[in-house]
Amino acid sequence: MSNTCHESMTDEHRRHFTVTPPNLGESKHNPTTAWNCYLRELSKQKKYQEALTVYRHMLRSSFFPNTFTFPVLLKSCALLSLPLTGSQLHAHVIRTGSQPDPYTHSSLISMYSKSSLPHFARKVFDEQSLNLTISYNAMISGYSSNSIFPEAVNIFREMRREMRVSVNSVTMLGLVSGITLPNHLNIGACLHACAFTLGFDSDLSVANSFLTMYVKCGEVEYARQLFDEIPVKDLITWNAMISGYAQNGHARRVLEIYNEMKKVNGVKPDPVTLLGVLCSCANLGAQGIGREVERKIEQFGFHSNSFLMNALINMYARCGNLVRAREVFDCMDEKKKSVVSWTAIIGGYGIHGEGEIAVELFDEMVRSGVRPDRTVFVTVLSACSHAGLTEKGLEYFDEMERKFGLQPGPEHYSCLVDLLGRAGRLKEAMNQIESMKVKPDGAVWGALLGACKIHRNVELAEVAFQHVIELEPTNIGYYVLLSNVYSDAKNLDGILRVRVMMRDRKLRKDPGISYLEYKGKMHLFYSGDTNHPQSKEIYRMLGELENLVKEIHQPDHKCQGRSEEQLTGAGVHSEKLAIAFGLLNTRSGTDITVMKNLRVCVDCHVFIKLVSKIVDRQFIVRDATRFHHFRNGVCSCKDYW
DNA sequence: ATAGGGTTAG
């Protein structure tokens with residue numbers, strides 16, 4: 001806290017403040033300076049709203065803002081996204097002098113840019129006769145953050161032509177942060193070379209920003225190379241790499257690197273680190289590690305971070321522990337429950353097939369005054385379609401625009417098509433696609449294709465496939481789906497055609513992988529796998545189970561699900577191996593939770609159902625789209641084909 | 001003037 005003060009800051013003022021204002025007393029400073037110090041202190045403590053209030057008090061007490069007052073206030077407006085207040089301040093600035101000082105000038109540019117008003121920012125930029133480096137930097141990063149990259153480059157070129165101003169590392173940061181798409185990679189690499197020649201690459205923050213750039217361009221391996229080349233890493237370096245792996249689905253790599261980080265002295269994980277780790281636990285289904293992270297959250301006192309709580313809810317739900325997910329959700333401070341928190345818990349019930357609860361929660365959310373967004377609609381619509389709540393889903397789709405003013409996008413139409421399609425209303429689904437105002441994407445046609453698989457409609461499947469493959473030619477899942485449609489129709493030619501198509505396009509079906517967490521370790525199984533140390537026992541157990549299953553079940557739909565095996569030429573399916581491993585190693589009475597990267601195959605689905613009857617255990621299987629709870633010969637999912 | 005972050009069907 002500053003030691004400066006001013007007489008006229010009365011108790012009347014103080015009553016409004018949470019941070020103690022400077023002491024009254026014998027200040028020899030310029031009165032405005034005391035206010036400025038106070039404002040800076042508030043800004044440091046991220047009390048931006050309060051800083052603006054203090055400013056109003058300041059004006060009311062007839063103190064005039066100066067050069068050091070405005071940047072702090074403008075920053076507050078930028079971070080609170082209050083462009084109106086910001087432009088009022090702009091007017092005040094103009095009133096105090098003809099040309100703002102460099103700091104105020106760059107703060108104005110930054111304020112407009114952060115309020116997504118880059119044109120206003122540019123106007124401020126152009127009005128100044130002689131711009132300095134900081135104004136150039138503000139303008140460049142403004143264009144970058146508003147994804148107007150070409151203009152950022154233009155300003156950069158202009159800057160390099162100007163002899164008066166020099167480029168510095170902040171200039172690089174601004175430029176690099178604008179490169180967020182794979183097709184910008186070339187420019188990014190040029191910039192990297194440029195930074196190297198200018199000697200900025202040794203600046204850690206610049207190196208970190210290049211690392212992030214490679215991640216955003218989808219070049220994780222390249223990012224890793226850069227990561228390894230950085231001699232002294234800081235927390236941001238680690239976090240960038242961790243969330244880089246997390247966002248690109250390399251969950252195992254995240255855990256590896258997190259362990260490495262823990263060994264380094266002087267670097268402590270912060271909320272961003274743990275967020276990346278939790279996200280990966282959710283993808284992997286690694287509940288054990290997720291629990292460890294939760295303990296760390298407690299330990300470090302990050303409990304009030306709502307980002308982390310949302311990630312925790314998501315992690316537990318996706319690891320099959322709905323009960324704990326719900327506990328975390330219920331324990332959250334009501335005020336901190338954002339639409340994201342609701343989405344996480346609604347989605348959790350959705351993937352577990354508990355559509356009714358998902359729907360109730362959605363209504364409760366609306367009642368509690370949280371405005372639904374587009375994402376939560378995707379979640380609730382899919383929850384409805386998994387649970388067969390067709391009418392309810394249609395109702396929501398309708399309300400979306402009518403009641404909440406949200407335009408449905410392709411992602412909502414794919415849910416709608418899925419909803420109608422699963423219910424067998426293929427014709428209506430097709431009509432919906434045709435009536436779409438936005439262009440259907442691959443997922444929309446993919447949902448139709450999926451519905452055709454369930455309801456065995458070869459003709460429509462071919463139409464949907466044609467469309468989907470045009471939009472997503474390398475998505476292997478759709479080839480497999482069509483092949484399965486042919487397989488159900490016993491259309492061998494069709495299967496062959498798909499196989500040829502895949503060969504021509506050099507596409508190979510991903511291997512199916514099943515795994516489960518046991519004693520804190522992941523045990524991984526491929527189909528036909530014999531590498532596991534317990535392999536012999538696993539196969540012996542499976543043999544026994546197959547025999548028992550045969551006694552109580554005569555397969556009446558042998559042909560189904562075969563084509564996947566034909567595409568891979570695989571042996572015993574991975575999910576069976578994982579189930580057998582679980583039975584061998586866990587006590588009776590405990591649930592067995594298995595994760596599978598693709599969909600559970602139909603044969604295995606039947607098999608697991610029957611096994612759950614024989615051994616009296618609950619099996620929880622997570623596949624690519626949802627959870628299956630097998631108990632006593634029944635599965636929780638209502639629509640498995 | 002400044003690098004890292006939560007929720008999303010098929």
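So you know, we letter chains A, B, ... as the sequences are listed, proteins then strands, and number each from 1. Both backbone and side-chain heavy atoms feed into the values below; hydrogens, waters and symmetry mates do not.
Contact annotation for Ser107(A): backbone-only contact, meaning every heavy-atom pair under 4.0 Å involves sugar-phosphate atoms and none involves a base. At the heavy-atom level, Thr375(A) lies under 4.0 Å from base atoms of the strands shown. Heavy atoms of Thr343(A) sit under 4.0 angstrom from at least one base atom. Residue Lys114(A) is in sugar-phosphate contact alone, with no base atom involved, counting any heavy-atom pair closer than 4.0 Å across all strands shown. Among the heavy atoms of the strands lying under 4.0 Å from Lys216(A) are primed sugar atoms or P, OP1, OP2 only; no base atom is included. Within the 4.0 angstrom heavy-atom criterion, no nucleotide atom of any strand lies near Asn475(A). Across all strands, Thr212(A) comes closer than 4.0 Å only to sugar-phosphate atoms, never to a base (heavy-atom distances).
Taking the ring pair (Phe, Tyr, Trp, His ring centres under 6.0 Å) definition, one finds that Tyr478(A) meets it with nothing, sequence neighbours left out.
Taking the centre and axis of the six-membered ring of Phe300(A), the NZ or CZ atom of Lys268(A) falls outside the cone set by 45° and 6.0 Å. Relative to the six-membered ring of Phe329(A), Lys337(A) meets both conditions, a distance below 6.0 Å and an angle of at most 45° to the axis.
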Side-chain donor-acceptor distances from residues 342-351 of chain A under 3.5 Å, at least two apart:
residue, atom, partner, partner atom, Å
Thr343(A), OG1, Val339(A), O, 2.6
Tyr349(A), OH, Arg326(A), NH1, 3.2

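Ionic pairing of Asp418(A) and Arg422(A) is present here: one or more N-O contacts between side-chain nitrogen and carboxylate oxygen are shorter than 4.0 angstrom.
Scanning DNA chain B 5' to 3' for nucleotides with an atom closer than 4.0 angstrom to a non-hydrogen atom of chain A gives a first and last hit of dA1(B) to dG10(B).
When only modelled atom types and interatomic distance are considered, Arg224(A) and Tyr214(A) share no side-chain donor-acceptor pair under 3.5 Å.
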